[in-house]
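Okay, so here's the structure we're looking at.
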Amino acid sequence: MTRTALTSFLVSLVLAPAVSPLHAQVPEFDILILGGRVLDGTGNPWRLADVAVRENRIVAVGSLAGSNATRTLDATGKLVTPGFIDLHSHADGPNYGARGLRSSDERRRAAPNLVMQGITTVVVNQDGRSLWPIGQQKTELEALGIGPNAILLVGHGTIRRRVLADDFRRAATEAEVQQMRGLVRQAMLEGASGMSAGLEYVPGRWSTTEEVVALTEEIVPFGGVYVAHQRSEGADPMWYWPSEFAGRPPSLLDAVRETIVIGRRTGATVVASHIKAKGADYWGSSTAAIRLIEEARASGVSIYADQYPYNTTGSDGNTVLIPGWARRTGQPGEQAERDHARSLERVLADRNLVSNLRRDIAHEIARRGGAENVIVFEYPDSSYIGKSIAELARDRGSSPVDVAIALQLEGHATRPGGARLRGFSLSDYDIEPYASQPWTATATDGWVTLPEDGFTHTRVYGTFPRKLKEFAVSRGLLSVGDAVRSATSLPGQILGLRDRGLLQPGYMADLVVLDLDMLQDNATFFEPHQYPSGIEYVLVNGSFVVDEGAPTWKLPGVVISPADRRGERGATGSK
């Protein structure tokens, strides 16, 4: 380089504008949430803090003013919480594949109705029903991509079917129990995090406590959890009709006692799922159930419950007041046509059957909450829609039992019961005490749904916002911090999660930013497909699945395996 050229080069360096360090600086964080009221999931009151995310983890919580990030959110006046963990979900399973997390439709795999209420992790394969093998389900979910994270259970009913086939209406033999134990162990090794049971359903209702204890023993070395749809949720099970079964059927209290026995004898963490007290004649019994659980916990049994905060059960409004035996009467050809009205007419023509029919209908009306609480949602005569069975009885000058019969005879002949009915079979006498217990986790008992799916339960859109706003803020049944705990660290504790359920450095960046003043569950039973208000941002593994109050349709979820959980004992074989 000549002296002239060198001089020019040096002058250019002197005269060049200075480069601002701010412009040259690489962002410290991917996401920075500033000025929020942090509820960390422990139940503690909120504290003012900033939250920083790098890649898929929370890396700092505290005063981070002056830091820079690829994206910064102003959370002033907003709550920042861990992502909500749905302990009882049907977002996937053998009956939900085409409409759930294994759907070919990416919209469904994004699970917008779930993430929009702040859910970042779902626990699937509930009520004793799972795919088989578990390893295949895990592989499919990971290959497809899902919105929320998923935790897989193995279904007791699925295992029972594989061993007993169609001969399940009996107790299993010792040899069959041993076969089932082996299958449970296989599922745990393939990635299950515990076992679910549906003891009110087919085929679980014929299993003995001894069988369930034996199978639950297989999940204990893996730190697995036992989640039970118990044998009864009220005075009697859903399969019980007074005319068909003699003796005393199991009640909710019997079922809770059984779950306690399973937990005590195995040492497993056990969950009484979607706990309730079903039926007008059984309202108030939560006091006794709570006492049983409290006494068991005091004695060292690791028993919990989960609950959705609504006063009606079922899915799409499927209450049927006419007993099955009265709808199945008739010739084989007529059975194939499913002409329930014609079958009912034959029963009514037989005086020996009429008294049993009326007794069963009266029983079902009470089990569904009483005549005032069974509502018509769909019927050929539009004037009936929105009215209760009691109102229709007054209008017609007849009894509620007569109305139930008339709905089948005059309504949709091929629809069981003749109408779409929803029974509001639960009461605040029980919902509120359960919701306020420190061992009750929030759960939807819900599934993935889109607006084209028609009638559905409001819980699939609003469970978590409702628990926070209605039960904590409006009713004051528990603090907002405890309501967040019931949705985050409590299910995390039940599941033994290693790095989810709390908002602290090192934990996965499953996060919710919400406006408590605007929070509202908007779904109604006549217009259920409505997202809640007030959920502004939801992150799953550091990726936005809700952004500025709208779903992003991203699929950042993972299948959480036993390796991501605490409390494993490294079992590789039977006890």
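- Side chains of V473 and L468 form no contact here, defined as non-hydrogen atoms less than 4.5 Å apart.
- Two residues are said to be in side-chain contact when any heavy atoms from C-beta on lie closer than 4.5 Å; L79 and V480 meet this criterion.
- Heavy atoms only, all atoms of each residue included: G423 and T312 are closest at O-OG1, 2.8 Å.
- Checked by atom type, the side-chain pair T444/D86 shows a donor-acceptor distance below 3.5 Å.
- A 4.5 Å side-chain heavy-atom check between V59 and P505 finds every atom pair outside the cut-off.
- Counting heavy atoms from C-beta outward, P438 and L478 have side chains that stay 4.5 Å or more apart.
- Using a 4.5 Å heavy-atom cutoff, the side chains of D521 and F464 are not in contact.
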Decide yes or no on side-chain hydrogen bond (donor to acceptor under 3.5 Å, both in side chains) for S103 and D105, but give the supporting numbers first. CA-CA 5 Å; S103 172; D105 187 341; 5.3 Å; no
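- Salt bridge status for R57 with D499: present, with a side-chain N to carboxylate O gap under 4.0 Å.
- At a cut-off of 3.5 Å, with distance as the only test, no side-chain donor of H274 or D306 sits close to an acceptor on the other residue.
- N56 contributes no side-chain N or O that, together with a main-chain N or O of G542, makes up a donor-acceptor pair within less than 3.5 Å.
- Remark: R459 engages D445 in a salt bridge, criterion side-chain N to carboxylate O under 4.0 Å.
- I275 CD1 to Q437 CD: the interatomic distance, rounded to the nearest 0.5 Å, is 9.0 Å.
- Side-chain contact annotation: D482 with S479, donor-acceptor N/O pair under 3.5 Å present.
- Neither side chain, S427 nor N311, offers a donor N or O lying under 3.5 Å from an acceptor on the other.
- Checking side-chain atoms of E233 against main-chain N and O of Q230 turns up no donor-acceptor pair under 3.5 Å.
- Checked by atom type and distance alone, the side chain of R367 pairs as donor or acceptor with a backbone atom of P237 at under 3.5 Å.
- Between W447 and T456, the closest side-chain pair of non-hydrogen atoms falls below 4.5 Å.
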Please lay out, stage by stage, how R37 and K78 fare under the test side-chain contact (heavy atoms from CB on, under 4.5 Å). CA-CA 6 Å; R37 298 176 177 181; K78 313 294 173 59; over 6 Å; no
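- Classification of R500 and D510 as a salt-bridged pair holds, one side-chain N sitting under 4.0 Å from a carboxylate O.
- No side-chain donor-acceptor contact under 3.5 Å links Y531 and Q117.
- Between E432 and R475 a salt bridge is recorded (basic side-chain N to carboxylate O distance below 4.0 Å).
- Both tests pass for R129 against the ring of Y201: distance under 6.0 Å to the centre and angle within 45° of the axis.
- Using modelled atom types and a 3.5 Å distance limit, the side chains of D92 and Q137 yield a donor-acceptor pair.
- A salt bridge links E452 with R107: at least one charged nitrogen is closer than 4.0 Å to a carboxylate oxygen.
- Cation-pi geometry between R466 and Y310 is satisfied (NZ or CZ under 6.0 Å from the ring centre, within 45° of the ring normal).
- Between I560 atom CD1 and I151 atom CD1 the span is 4.0 Å, to the nearest 0.5 Å.
- Put simply, the side chain of T259 gets close to the backbone of A255: a donor and an acceptor are under 3.5 Å apart.
- A donor-acceptor contact shorter than 3.5 Å links the side chain of S486 to the backbone of A483.
- A donor and an acceptor atom, one from each side chain of Q408 and H340, are nowhere located under 3.5 Å apart.
- Note that CG of L73 and CG of L32 are 8.0 Å apart. Values are rounded to the nearest 0.5 Å.
- Judged by the 6.0 Å and 45° rule, R99 forms no cation-pi pair with Y96.
- Using a 3.5 Å distance cut-off with no hydrogens or angles, the side chains of K278 and S425 do not pair a donor with an acceptor.
- Residues F525 and H457 place their aromatic rings such that the two centres sit under 6.0 Å apart.
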Does the pair I85 and L495 meet the rule for a side-chain contact (heavy atoms from CB on, under 4.5 Å), with working shown? CA-CA 10 Å; I85 301 169; L495 294 161; 3.9 Å; yes
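- At least one test fails for R160 against the ring of F168: distance under 6.0 Å to the centre or angle within 45° of the axis.
- A salt bridge does not link E200 to R231: none of the charged side-chain nitrogens sits closer than 4.0 Å to a carboxylate oxygen.
- Remark: the backbone N or O of F471 is not paired with any side-chain donor or acceptor of S474 at under 3.5 angstrom.
- Side-chain contact, S383 with D381: a donor N or O sits under 3.5 Å from an acceptor N or O.
- Side-chain N/O atoms of N149 and T121 include a donor and acceptor closer than 3.5 Å.
- Side-chain atoms of D547 never come within 3.5 Å of backbone atoms of T552 as a donor-acceptor pair (strictly under, hydrogens ignored).
- Atom CG of L34 is separated from atom CG of D50 by 4.5 Å, given to the nearest 0.5 angstrom.
- The minimum heavy-atom distance between N125 and P94, with the atom names listed, is OD1-CD, 4.5 Å.
- With S130 contributing its side chain and G155 its backbone, the two residues share a donor-acceptor pair below 3.5 Å.
- The closest side-chain heavy-atom distance from T463 to T442 is below 4.5 Å.
- Within the model, atoms OG1 of T440 and CD of Q307 stand 6.0 Å from one another, a figure rounded to the nearest 0.5 Å.
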Would H229 and S273 count as a side-chain hydrogen bond (donor to acceptor under 3.5 Å, both in side chains) here? Give the steps. CA-CA 5 Å; H229 177 120; S273 213; over 6 Å; no
Might you work through the side-chain contact (heavy atoms from CB on, under 4.5 Å) test for Y461 and H529, ending with a clear yes or no? CA-CA 7 Å; Y461 278 94; H529 295 280; 2.8 Å; yes
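- Side-chain atoms of D453 come within 3.5 Å of backbone atoms of L450 as a donor-acceptor pair (strictly under, hydrogens ignored).
- R71 forms a cation-pi arrangement with F544, by the criterion of a distance under 6.0 Å to the ring centre and an angle within 45° of the ring axis.
- Ion pairing between D517 and K469 fails under the 4.0 Å rule for side-chain N and carboxylate O.
- When only modelled atom types and interatomic distance are considered, T42 and S489 share no side-chain donor-acceptor pair under 3.5 Å.
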Trace of the side-chain contact (heavy atoms from CB on, under 4.5 Å) decision for L131 with Q136: CA-CA 8 Å; L131 279 80; Q136 179 179 335; over 6 Å; no
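- Residues H90 and D127 meet the side-chain proximity criterion, which asks for heavy atoms closer than 4.5 Å.
- Considering L503, I33, V80 as possible partners of V61, the one that fulfils the side chain to side chain contact (heavy atoms under 4.5 Å, CB included) test is L503.
- For the pair R205 and W239, the cation-pi criterion (under 6.0 Å, within 45° of the ring axis) is fulfilled.
- Between the side chains of R108 and N113, no donor-acceptor pair of N or O atoms lies under 3.5 Å.
- We find the CG-CG distance between L516 and L514 to be 6.5 Å, quoted to the nearest 0.5 Å.
- Using modelled atom types and a 3.5 Å distance limit, the side chains of R422 and T319 yield no donor-acceptor pair.
- Looking only at distances, a side-chain donor or acceptor of E190 sits under 3.5 Å from a matching main-chain atom of G135.
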